[in-house]
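Excluded from the calculations below are hydrogen atoms, water molecules and symmetry mates; all remaining heavy atoms, backbone and side chain alike, are included. Proteins get letters first, then strands, A, B, ... in listed order; numbering begins at 1 in each.
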There are 2 protein chains.
Amino acid sequence: MDKHELRRAGLKATLPRLRILQLLEERAVSHMSAEDVYRALLEAGEDVGLATVYRVLTQFEAAGLVSRHHFEGGHSVFELNQGEHHDHIVCSECGHIVEFIDPIIEERQNRVAEAHGFRLADHALVLHGICTDTKCERRARGR
Amino acid sequence: MDKHELRRAGLKATLPRLRILQLLEERAVSHMSAEDVYRALLEAGEDVGLATVYRVLTQFEAAGLVSRHHFEGGHSVFELNQGEHHDHIVCSECGHIVEFIDPIIEERQNRVAEAHGFRLADHALVLHGICTDTKCERRARGR
DNA sequence: CTAATTGCAAAAGCTTTGCAGCGCA
DNA sequence: TGCGCTGCAAAGCTTTTGCAATTAG
């Protein structure tokens, strides 16, 4: 039950919070902006305010339920914290996002950070490139 | 002469452009936001508009003279393109930035990207961590 | 001289905040 | 019931854009 998850995070189990949590859980690969979440809820007939979406997502982030990424200039995207850590490749052309884990990079990251007197707290790494995937190109055309 | 650099980039050698280019060259480790550049110029007695700073930095980026990074949420920072490519570690606490190159990560990045159907165009990588450096901690306190 | 460039101010995104009313515990 | 939460609207920030005046080549 999602209610418990919210309680555990010290948050009242209100309708907007439940809906937003559900929405993030539904979408397997969910890198949604606040705006995305807002529109999805409106389309689903829910009556929430954009401000609430921002507030809830920020609270979720503080509670460790979601991660916020600043992929491209402008807006943030949110993602449910589930399972293992992973990193991202973002297509500069179409915004397509792919998750990956590379043990060697993971290890080197820590070494590099250590060598420069850093403790890798949140361990975030983002590659920017151009996607040559068919699906991605289709998306790019669709813009 | 900086004038030549601008001409080569197809840009008229105007005073604001020269000043901005000089400013970026002066500061050895220069990760400046548009606002930083603007204020630095004002303090130096130059009479430029913030809009011009943004326009010039964007043109410089297009010309390959500078790189733009979206380190933290909110604002971009600019850096002169000199010498070799490098990546960054950003301290989440104090904003302190360290540059590094790790050949192994470089190589893995390309492999990972390739394996996922991406061509690494701009090759940007940013680590976020907490800096334990003395100099950095001093900075953090100074905030 | 002509086209590019600038400064100012206004506008455009994304995100946060103030506040009165509604809802969970 | 009481405090937390929500929605709306307004404000905040960074960045972009329109336009008349200015300047480089």
Side-chain angles (χ1 to χ4, degrees), chain A residues 1-23 31-42 44-63 65-78 95 143, chain B residues 1-21 23 31-42 44-63 65-78 95:
Chain A
M1 208 54 179
D2 290 337
K3 283 195 181 184
H4 293 174
E5 253 187 287
L6 291 176
R7 296 262 173 64
R8 222 180 308 133
L11 299 169
K12 281 192 180 178
T14 64
L15 210 57
R17 299 217 255 242
L18 282 171
R19 290 284 174 270
I20 293 176
L21 189 52
Q22 286 168 0
L23 181 62
H31 296 93
M32 307 181 77
S33 68
E35 189 76 31
D36 291 337
V37 171
Y38 176 61
R39 271 203 294 268
L41 291 180
L42 285 196
E46 301 292 336
D47 184 30
V48 297
L50 181 55
T52 300
V53 173
Y54 274 106
R55 273 186 294 232
V56 168
L57 287 174
T58 302
Q59 290 158 349
F60 282 6
E61 187 193 12
L65 292 176
V66 308
S67 297
R68 181 197 298 242
H69 303 286
H70 308 282
F71 287 155
E72 14 230 307
H75 65 304
S76 313
V77 296
F78 298 83
R143 268 191 314 176
Chain B
M1 209 53 179
D2 290 336
K3 282 195 182 186
H4 293 173
E5 253 187 287
L6 291 176
R7 296 260 173 65
R8 223 181 305 135
L11 299 168
K12 280 190 180 179
T14 64
L15 210 58
R17 299 218 256 242
L18 282 171
R19 288 288 173 267
I20 293 176
L21 188 53
L23 182 61
H31 296 93
M32 306 182 79
S33 68
E35 189 74 32
D36 291 337
V37 171
Y38 176 60
R39 271 202 294 269
L41 291 180
L42 285 196
E46 300 294 335
D47 183 29
V48 296
L50 182 53
T52 299
V53 172
Y54 274 104
R55 274 185 293 232
V56 168
L57 287 174
T58 302
Q59 290 157 349
F60 281 7
E61 186 192 12
L65 292 176
V66 308
S67 296
R68 180 196 301 241
H69 305 286
H70 308 281
F71 287 156
E72 14 229 305
H75 65 303
S76 314
V77 296
F78 298 83

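- Here the CG atom belonging to A/L65 is positioned 10.5 Å from the CD atom belonging to A/Q59, to the nearest 0.5 angstrom.
- Comparing D/dA24, C/dC24, D/dT14 by their nearest atom to the side chain of A/K12 picks out C/dC24.
- Summarising the geometry, the separation between CG on B/D2 and C1' on D/dA24 is reported as 17 Å, rounded to the nearest angstrom.
- Protein atom CG of A/L42 is 14 Å distant from nucleotide atom C1' of D/dC8, rounded to whole Å.
- Here D/dC13 presents its P atom at 12 Å from CZ of B/R39, a figure rounded to the nearest Å.
- Residue contacts for B/T52: at a heavy-atom cut-off of 4.0 Å it reaches a base atom on one of the strands shown.
- The OH atom of A/Y38 sits 13 Å away from the P atom of C/dC14 (whole-angstrom rounding).
- Of the residues near DNA chain C, A/F78 and A/K3, the one whose nearest nucleotide (by heavy atom distance) lies more toward the 5' end is A/F78.
- At the phosphate of D/dT6, OP1 or OP2 sits under 4.0 Å from a side-chain N or O atom of A/T14.
- B/L18 places its CG atom 13 Å from the C1' atom of D/dT23, with the value rounded to the nearest Å.
- The two residues B/A34 and B/L57 have their closest heavy-atom pair at CA-CD1, 3.9 Å.
- In this structure, CG of A/L50 is placed 15 Å from C1' of D/dA11, rounded to the nearest angstrom.
- No engagement by A/L15 is indicated, since no non-hydrogen atom pair under 4.0 Å with the nucleic acid exists.
- Nearest-nucleotide assignment on DNA chain D puts the 5′-proximal partner with B/S33, out of B/R7 and B/S33.
- Here the NE2-CD distance, from B/H75 to B/E35, works out to 9.5 Å after rounding to the nearest 0.5 Å.
- Protein atom CG of A/L6 is 14 Å distant from nucleotide atom C1' of C/dA25, rounded to whole Å.
- Distances shown here put a side-chain N or O of A/S76 below 4.0 Å from the OP1 or OP2 atom of C/dT15.
- Checked by distance alone, B/R55 brings a side-chain donor or acceptor within 3.5 Å of a matching partner on the base of D/dG18.
- In this structure, A/L11 and B/A51 both approach DNA chain C, and ranking their closest nucleotides by distance from the 5' end singles out B/A51.
- Note: OH (B/Y54) to P (D/dC13) measures 13 Å, nearest angstrom.
- At the heavy-atom level, A/R17 lies under 4.0 Å from the strands shown only through sugar-phosphate atoms.
- Checking side-chain atoms of B/R17 against main-chain N and O of B/K12 turns up a donor-acceptor pair under 3.5 Å.
- Put simply, the residue from A/L41, A/V53, A/L18 that forms a side-chain contact (heavy atoms from CB on, under 4.5 Å) with A/L23 is A/L41.
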